[in-house]
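Structure first, then comments.
All values below were derived from every heavy atom in this structure, side-chain atoms included, with hydrogens, water molecules and symmetry-related copies excluded.
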Amino acid sequence: MYKFFSAEHSIFSAKVRAYLRFKDDQHDLGAGFEDILATPDLMRDLLSIRSGSPSLPQIEAPDGTWVQDTSEIIDYIETQHRGMPIIPDCEMRPKQRLASYLIELLADEWLLVPACWERWHYSLATSEPNHRAFNEQQWGSFLAPDKNGKDRRAAGFSFFENIFGISDTVDNPKGPYQGLIHLGCTESTLPAWLDMQHRLLKALECHLEEHDYVLGGRPSLADYSLLGPIYVHFYRDPVAGFNLRRDFPLVCEWVDRTNAEGCMNARRFGQKLYSVGDDGELIGREAMSDDGAWLADDIVPDALIPIFTIFFEQMWPFLKSSITALGRFIASDNHQTGSELPRKSFTATPGFEEHQTEEGLLTVPFKIGAVTARRMVVPTQIWMLQRIGKAMEAANQMELAGWLKKFPQGEEILSLNQMTADCQINKQGGRLLSVLKR
């Protein structure tokens, strides 16, 4: 079996867990997987040693191969188990393939910001309504799983106070509060971040009026990527969860369906609906929309246009600036080509603080809504762009260009390989290294 090291309150664990359930349900995962709570001890004594990073989730394959990072985990398993893929084919479905990758990048690295704000803002003592008690308990269950309920709660309380400085966060930001600043979420930008979140959820709700998944009647990479922040923060955390259930009931149903847990009424993929025949026998029929398949003719529904517009209006200009800044940093005296770059992180990577904060070399201006601010460059995002460029090399570029014309600067995506040529990244487990030029 695959060993899957995860935590329930982890965005990226949720993304992969639901994917593994899907592959397992479709009998496309060999002997299946074991979901293992990645306690701090395991993160320190096992995960950090095997992958070079304690970040969740990680998997150990049956042959001993160790893989860290959700994109790499999914890529690895898709190459090993091809029976029911979640990434559309490059030649037959190029638009749907690119759409899946772009939504993954948006969900992983942009929607992350309001998701984390929702969790931590409503954990402050001054916030009302408040879900501090639930948040302490879910973190304590991860930090001290062997303790009783009272002591698990106490472990969460202690962690929030001593590590995250939750009672002193206004004057001395730590942990997630510091990370939100590094990611450009401040008092001035917050309304625009929340507006982006609402626009995305509204578009998804509208799309789900007709289709059960992003690309039709079958889940894809786009679904599992969106599920991460939406399930863990907007659905599971109590205050945000109430708002989601009140305003976006179809999104909530999609969460249950895609998460494949407690979803009988949400009609999970592979489930049948039944009626009774003339002779009293049960007659099964497809429960999913679109005959349980991705939409024909490589169609990306127009209801999703607002989501891609968010990507191209907000995230794409920032990514282009990040590419330029990272290329300059790699070429500067502050970096030796072939050495490590900042890791995937919610805050500035230790050792790179001077570059990833304030006016550092690895910070760039960005615009969200009508507000211009500054945030850190995250090399993982550039690696994800390089991954997209390679994954789309064999696609029909004219077909893609026709679809991308709908979005501001959309056609620039077709030049990813050239754009990232001066900041190539080699990913080794959790470590990111610049590539030596030949």
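In the model, S53 has no side-chain atom that pairs as donor or acceptor with a side-chain atom of S51 under 3.5 Å. Between the side chains of N135 and S123, at least one donor-acceptor pair of N or O atoms lies under 3.5 Å. For the 3.5 Å distance criterion, the side chains of T39 and D41 fail to qualify, holding no donor opposite an acceptor. Counting only N and O atoms by type, the side chains of E104 and S71 include a donor and acceptor under 3.5 Å apart. Side-chain atoms of D256 and Y235 form a donor-acceptor pair, as typed in the model, at a separation below 3.5 Å. Counted by atom type alone, T363 and R374 present one or more donor-acceptor pairs between their side chains at under 3.5 Å. A side-chain N or O of W110 and one of Q314 form a donor-acceptor pair less than 3.5 Å apart.
Here H211 contributes atom NE2 and S289 contributes atom OG; the two are 6.5 Å apart, rounded to the nearest 0.5 Å. Between the CD1 atom in I330 and the SG atom in C423 there is a gap of 5.5 Å [rounded to 0.5 Å]. N396 contributes atom CG, which lies 15.0 Å from atom CZ of R93 (distance to the nearest 0.5 angstrom). With rounding to the nearest 0.5 angstrom, the CD atom of Q68 is 8.5 Å from the CG atom of L56. Rounded to the nearest 0.5 angstrom, L273 CG and I283 CD1 are separated by 13.0 Å. With rounding to the nearest 0.5 angstrom, the OG1 atom of T380 is 11.0 Å from the CG atom of L385.
Side chains of T420 and L326 form no contact here, defined as non-hydrogen atoms less than 4.5 Å apart. Counting only heavy atoms from C-beta outward, the side chains of K202 and P306 never approach each other to under 4.5 Å.
Atom CD of Q409 is surrounded by more than 12 heavy atoms from other residues, nucleotides or ligands within 6.0 Å. Surrounding NZ of K320 are more than 12 heavy atoms belonging to other residues, nucleotides or ligands, all under 6.0 Å away. Atom CD of E358 sits in a sparse spot, with 12 or fewer heavy atoms from other residues, nucleotides or ligands closer than 6.0 Å.
Salt-bridge check for D28 with K23: passed, with a basic side-chain N closer than 4.0 Å to an acidic carboxylate O. Note on E8 versus R17: salt bridge recorded, some NZ/NE/NH1/NH2 to OD/OE distance being below 4.0 Å. We find that E109 and K344 are joined by a salt bridge, their nearest charged nitrogen and carboxylate oxygen being less than 4.0 Å apart.
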Report the C-alpha separation of R267 and E286 in whole Å, then their side-chain angles, then the decisive distance to 0.1 Å, and conclude whether the salt bridge (Lys or Arg N to Asp or Glu O under 4.0 Å) test is met.
CA-CA 10 Å; R267 302 169 300 111; E286 177 60 55; over 6 Å; no

Between Y213 and D290, does the side-chain contact (heavy atoms from CB on, under 4.5 Å) criterion hold? Intermediate values first, please.
CA-CA 10 Å; Y213 294 101; D290 309 293; over 6 Å; no

Please lay out, stage by stage, how R257 and D223 fare under the test salt bridge (Lys or Arg N to Asp or Glu O under 4.0 Å).
CA-CA 10 Å; R257 177 184 308 121; D223 293 281; over 6 Å; no

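With H198 as the partner, the ring-ring contact (aromatic ring centres under 6.0 Å, His included) test is satisfied by one option alone out of F248, W193, F234: F248.
When ring centroids are compared, Y122 and W117 come within the 6.0 Å threshold. No close placement of the F242 and H131 rings is indicated, their centers lying 6.0 Å or farther apart.
Checked by atom type and distance alone, the side chain of S127 pairs as donor or acceptor with a backbone atom of H121 at under 3.5 Å.
Using a 30° and 60° split on the angle between ring planes, F407 and F308 fall in the tilted class, from 30° to 60°.
The side chain to side chain donor-acceptor pair (under 3.5 Å) test applied to E209 returns no partner, not counting sequence neighbours.
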